[in-house]
Amino acid sequence: MPIFNRKLKIFSGNANLKLAEEIAEYLGVSIGESKVSRFSDGEIHVKINESVRGADVFVIQPTCEPVNDNIMELLIVIDALKRASARRITAVVPYYGYARQDRKARARDPITSKLLANVITASGAMRVITMDLHAGQIQGFFDIPVDHLPGVPILAEYFLSKNLENIIVVSPDLGGVTRSRDMAERIGASIAIIDKRRPEPNVAEIMNIIGDVDGKTVVMIDDIIDTAGTITQGAAALLERGAKEIYACCTHGVLSGPAIERLQKSPIKEVVVTNTIPLPEPKAIDKMKVLSVAPLLGEAIIRIHEDLSVSKLFA
């Protein structure tokens with residue numbers, strides 16, 4: 001859908017340039033001319049090479065690995081645009097890093113997702129677009145509007161196209177039940193829940209499975225697959241309970257540490273992720289399917305630019 005208003009501009013840091021290019025192509029515009037470079041000591045330098053005065057600017061930058069570098073790129077690009085007199089700056093953060101540090105789980109813990117919200121706002125962003133926050137309440141950490149887009153519709157459409165039979169959607173933990181129920185309603189399936197505990201970060205122990213998965217095709221859904229411990233342990237437990245075959249999907253394929261090796265060796269038939277985070281070749285495996293979120297983010301940008309409702313995209 002071409003956008004002919006010269007006042008809409010798309011800029012990108014280095015975090016996921018390919019996604020930014022897909023979004024720009026969907027909108028029918030070019031990515032704004034800018035350069036993000038490093039001084040010899042590692043400091044980030046940003047140069048905006050075209051006028052943005054009075055423009056409605058969208059900065060595409062997930063805060064994925066390397067997380068801290070990408071956060072600083074985002075902040076500096078926004079600051080440069082603000083000082084160049086952009087009319088409105090929207091931070092498009094498909095993957096919001098530090099989202100798992102959203103509360104004080106122990107004494108003296110930081111709430112880093114709130115800190116990140118503060119610095120994004122202080123840098124000059126006037127609005128944020130993001131996808132599948134690890135905790136929905138993070139929207140309330142911002143004092144500016146947040147458009148929180150779900151990844152479930154994209155994932156559900158893909159699984160509907162596969163025409164699978166006797167499906168059950170499984171939530172890998174109690175916190176993901178709402179997401180799993182949404183997925184189940186969209187593909188016409190029932191749900192089950194894995195009861196697990198986390199003795200420490202990135203370590204999961206499967207305690208029990210709530211629901212009947214015997215003889216069924218399982219679709220496990222989560223917001224993030226990080227080290228893949230939860231998803232692979234869950235798949236093994238589901239097989240023990242008689243599951244016929246297992247698919248796994250998520251919005252954000254963080255895939256850190258041993259994730260690729262675990263997924264490759266697991267009984268999971270296919271792993272479906274979106275491209276909110278770039279997946280370099282070393283992270284690509286045969287059983288992985290990557291879906292694009294560019295049309296969804298592009299539509300959100302169009303609606304915000306034209307002052308239309310974004311909630312229509314959630315249906």
Side-chain angles (χ1 to χ4, degrees), residues 100 105 132 134-136 150-274 283-291:
R100 286 171 284 185
D132 270 350
H134 188 66
V152 169
I154 296 171
L155 298 170
E157 183 178 354
Y158 174 74
F159 281 103
L160 281 171
S161 72
K162 293 180 73 68
N163 297 314
L164 300 174
E165 296 181 355
N166 199 18
I167 307 174
I168 187 167
V169 176
V170 174
S171 172
D173 53 40
L174 294 171
V177 171
T178 300
R179 182 182 303 105
S180 298
R181 185 175 291 116
D182 184 14
M183 180 74 156
E185 288 175 355
R186 289 176 182 273
I187 65 176
S190 56
I191 71 167
I193 305 165
I194 295 176
D195 177 23
K196 72 175 184 185
R197 73 183 187 96
R198 283 196 183 277
E200 55 186 272
N202 292 127
V203 176
E205 294 180 0
I206 305 301
M207 308 295 288
N208 194 19
I209 294 177
I210 305 167
D212 181 16
V213 299
D214 187 26
K216 295 185 178 180
T217 298
V218 170
V219 176
M220 298 179 71
I221 182 169
D222 210 346
D223 60 326
I224 295 171
I225 297 178
D226 187 356
T227 60
T230 294
I231 216 83
T232 54
Q233 288 181 42
L238 291 163
L239 273 184
E240 290 176 5
R241 302 302 198 284
K244 180 182 175 183
E245 58 183 11
I246 299 170
Y247 295 81
C249 63
C250 72
T251 304
H252 310 298
V254 176
L255 305 180
S256 65
I260 294 300
E261 183 181 359
R262 284 174 172 173
L263 290 170
Q264 194 76 283
K265 293 179 178 179
S266 75
I268 297 171
K269 184 172 182 179
E270 186 176 40
V271 182
V272 183
V273 301
T274 76
K283 290 188 175 180
I285 57 177
D286 294 339
K287 63 172 70 176
M288 185 170 291
K289 173 70 175 179
V290 181
L291 307 177

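All residue numbers in this chain count up from 1 along the given sequence.
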Identify the heavy atoms of S266 and T232 that sit nearest to each other, and give their distance.
-> CB-CG2, 3.7 Å
Test T230 against I194 for side-chain contact (heavy atoms from CB on, under 4.5 Å), laying out the working first.
-> CA-CA 10 Å; T230 294; I194 295 176; over 6 Å; no
For E270, does its backbone N or O pair with a side-chain atom of K289 as donor and acceptor, under 3.5 Å?
-> no
So, for R186 and V152, which heavy atoms are closest and what is the spacing to 0.1 Å?
-> CD-CG1, 3.7 Å
If every non-hydrogen atom of V273 is compared with every non-hydrogen atom of G253, which pair is closest and at what distance?
-> CG1-CA, 4.2 Å
Sub-3.5 Å donor-acceptor pair from the side chain of D132 to the main-chain atoms of T251, do we have one?
-> no
Could you tell me the separation between the NZ atom of K216 and the CZ atom of R241, rounded to the nearest 0.5 Å?
-> 15.0 Å
Is any side-chain heavy atom of D222 closer than 4.5 Å to a side-chain heavy atom of R179?
-> yes
Main-chain N/O of T227 paired to R262 side chain as donor or acceptor, under 3.5 Å | yes
Among V169, N166, V170, I168, side chain to side chain contact (heavy atoms under 4.5 Å, CB included) partner for S190 | I168
Please step through side-chain contact (heavy atoms from CB on, under 4.5 Å) for the pair L255 and L263, ending with a clear verdict.
-> CA-CA 9 Å; L255 305 180; L263 290 170; 3.8 Å; yes
Are Y247 and V272 side-chain neighbours, meaning at least one heavy-atom pair lies under 4.5 Å?
-> no
Supply the atom-to-atom distance D226 CG to R100 CZ, rounded to the nearest 0.5 angstrom.
-> 4.5 Å
Compare all side-chain heavy atoms of I167 with those of K162 and state whether any distance is below 4.5 angstrom.
-> no
Can I221 and C249 be said to form a side-chain contact (heavy atoms from CB on, under 4.5 Å), step by step?
-> CA-CA 5 Å; I221 182 169; C249 63; 3.7 Å; yes
Which atom of A192 lies closest to which atom of V213, heavy atoms considered | CB-CG1, 4.1 Å
side-chain contact (heavy atoms from CB on, under 4.5 Å) between L238 and M220, worked out | CA-CA 10 Å; L238 291 163; M220 298 179 71; 3.6 Å; yes
Check: K287 and Q264 side chains under 4.5 Å, non-hydrogen atoms = yes
Residues L239 and P267: closest non-hydrogen pair is CD1-CB, 3.2 Å
Under 4.5 Å between any side-chain heavy atoms of I209 and E240, yes or no?
-> no
Just how far is it from atom CD1 of I225 to atom CD1 of I231, taken to the nearest 0.5 Å?
-> 4.5 Å
For S180 and I191 the tightest heavy-atom approach is O-CG2, 3.8 Å
Would a distance-only check, ignoring hydrogens and angles, find a side-chain to backbone donor-acceptor pair under 3.5 Å from T217 to E165?
-> yes
Got a second to check how far D195's CG is from N208's CG, nearest 0.5 Å?
-> 6.0 Å
